[in-house]
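Worth saying up front: this structure is predicted, and the values here are computed from it rather than measured.
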Amino acid sequence: MKPPPMDRTVPATTETTVVALGCFWGVEAAFGALDGVVRTTVGFAGGQVSDPTYATIGDHAEAVRIEYAPARLRYAGLLDRFWTVFDPALTPAKRRYQPLLAPQNERQAQRARASRADAIGRDERAGRVEIVDGDEFSDAALRHQKHTLRRYEDVTGALRARLPSERAFARSPAATLATGYVGGYRSPARLADDQARLGLPNDATATLRTATCRHGHWNAFVQAERAA
């Protein structure tokens with residue numbers, strides 16, 4: 001069977017960046033829901049310990065590498081999502097939950113620094129966000145990829161049936177968008193258009209609708225976009 005339509009139409013030109021905002025599974029969903037994001041990968045960044053894992057993370061933070069299509073989504077849009085998700089009232093209990101931005105080039109670094117300065121102007125607690133060298137990112141194990149989505153067996157089963165391997169599932173653009181839905185970060189109103197792109201049967205699509213309505217983070221982002 002052919003891969004999902006989204007996986008067959010990946011943009012030719014993409015860029016990457018890395019962010020951390022606490023537990024990487026929720027962050028993966030928040031960014032995977034965005035139009036223009038191609039795929040997400042959870043892993044570790046911001047530390048010096050070599051070969052970090054979920055159990056031996058050392059001084060790294062749980063992070064998400066985001067691959068996106070610059071023709072559809074600017075880095076500034078990713079920064080907007082970062083600051084919408086960032087909660088200045090939360091102080092990380094552990095280094096692994098440290099919020100940070102890990103720009104992948106100087107252009108991103110300049111915009112990240114300017115964005116943090118603006119955020120500090122609104123709330124000085126935004127100064128807790130680190131900006132680090134983005135060259136070092138370590139992927140988490142395959143079993144940790146798309147972890148939020150794995151709780152929904154009908155959706156993951158439908159996607160896996162169209163993909164050749166576990167690694168393909170972890171890197172699937174369709175799985176990335178579906179994670180955004182089950183995490184509650186994409187409006188259920190978008191499913192009418194997204195079902196064909198995802199290549200999911202009706203029952204799996206109904207699961208996405210139920211999950212995103214239950215969690216409902218998307219409503220706050222819709223309101224923030226309207227206010228911008």
Side-chain angles (χ1 to χ4, degrees), residues 14-48 57-137 176 179-180 183-187 190 212 215-228:
T14 62
E15 295 184 6
T16 62
T17 197
V18 174
V19 303
L21 278 162
C23 177
F24 49 29
W25 292 316
V27 181
E28 179 178 43
F31 284 88
L34 284 173
D35 288 327
V37 168
V38 176
R39 57 176 59 90
T40 55
T41 302
V42 300
F44 314 102
Q48 301 299 317
I57 191 171
D59 58 348
H60 289 270
E62 294 188 21
V64 178
R65 183 175 61 219
I66 303 161
E67 183 179 344
Y68 63 100
R72 298 191 60 203
L73 176 63
R74 297 180 302 164
Y75 181 60
L78 294 170
L79 290 172
D80 288 343
R81 175 54 55 100
F82 180 90
W83 293 113
T84 304
V85 176
F86 172 71
D87 186 349
L90 294 178
T91 301
K94 299 178 180 179
R95 170 65 186 175
R96 71 185 303 145
Y97 301 131
Q98 169 65 34
L100 60 83
L101 292 163
Q104 301 296 292
N105 54 53
E106 184 54 32
R107 174 179 52 82
Q108 287 186 4
Q110 291 176 359
R111 293 180 180 177
R113 288 191 290 267
S115 177
R116 183 177 63 176
D118 288 343
I120 292 171
R122 298 188 296 271
D123 190 321
E124 64 181 10
R125 292 173 294 182
R128 294 203 302 265
V129 173
E130 295 180 8
I131 297 178
V132 302
D133 184 352
D135 291 340
E136 297 297 329
F137 177 87
T176 294
T179 298
Y185 287 96
R186 192 167 173 92
S187 170
R190 305 294 302 276
T212 195
H215 297 296
H217 299 298
W218 55 270
N219 191 48
F221 293 115
V222 170
Q223 293 175 359
E225 289 166 1
R226 288 174 177 171

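- Distance check, rounded to the nearest 0.5 Å: OH of Tyr68 to CG of Leu73 gives 7.5 Å.
- Between Gln108 and Thr16, the shortest heavy-atom distance links the atoms NE2-O, 3.0 Å.
- For the pair Glu62 (side chain) and Val42 (backbone), a donor-acceptor distance under 3.5 Å is absent.
- In plain terms, the two heavy atoms of Ala20 and Gln98 that are nearest each other are CB-O, 3.5 Å.
- How far CD1 of Ile66 is from CD of Glu28: 10.0 Å, rounded to the nearest 0.5 Å.
- Partners of Glu136 under the side chain to side chain contact (heavy atoms under 4.5 Å, CB included) rule, at least two apart in sequence or in another chain, do not exist in this structure.
- Note: Arg96 CZ to His60 NE2 = 11.5 Å, rounded to the nearest 0.5 Å.
- Considering all non-hydrogen atoms of both residues, Ala29 and Thr179 come closest at CB-O, 3.5 Å.
- Across every non-hydrogen atom of Tyr75 and Pro103, the tightest pair is OH-CB, 4.1 Å.
- To the nearest 0.5 Å, the span separating OG1 on Thr17 from CZ on Phe31 amounts to 9.0 Å.
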- request: Please lay out, stage by stage, how Leu78 and Val37 fare under the test side-chain contact (heavy atoms from CB on, under 4.5 Å).
  value: CA-CA 9 Å; Leu78 294 170; Val37 168; 4.2 Å; yes

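- Taking each heavy atom of Gly26 and Tyr185 in turn, the nearest pair found is O-CE1, 3.8 Å.
- Without hydrogens or angle criteria, Arg116 side chain to Val129 main chain gives a donor-acceptor distance under 3.5 Å.
- Here CZ of Phe82 is found 7.0 Å from CG of Leu100. Values are rounded to the nearest 0.5 Å.
- Residue Pro92 comes nearest to Leu90 through the heavy atom pair CD-O, 3.8 Å, listed as atom of the first residue, atom of the second, then distance.
- At least one donor-acceptor pair under 3.5 Å links the side chain of Thr212 to the backbone N or O of Arg186.
- Arg81 places a side-chain N or O within donor-acceptor distance of the main-chain N or O of Ala30, the cut-off being under 3.5 Å.
- By the 6.0 Å contact criterion, CZ on Arg74 is open, its count of non-hydrogen atoms from other residues, nucleotides or ligands being 12 or less.
- In terms of modelled atom types and a separation under 3.5 Å, the side chain of Arg113 and the main chain of Ile131 share no donor-acceptor contact.
- In this structure, the side chain to side chain contact (heavy atoms under 4.5 Å, CB included) partners of Gln48, at least two apart in sequence or on a different chain, are Asp59.
- Once rounded to the nearest 0.5 Å, the distance linking NZ of Lys94 with CD1 of Ile57 reads 10.0 Å.
- Side-chain N or O atoms of Glu130 include none that pairs as donor or acceptor with a backbone N or O of Arg128 at under 3.5 Å.
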message: If you apply the rule side-chain contact (heavy atoms from CB on, under 4.5 Å), what do you find for Leu79 with Leu101, and how did you get there?
response: CA-CA 9 Å; Leu79 290 172; Leu101 292 163; 3.9 Å; yes

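- Classified by interplanar angle (parallel below 30°, tilted 30° to 60°, perpendicular above 60°), the ring pair Trp83/Phe86 is perpendicular.
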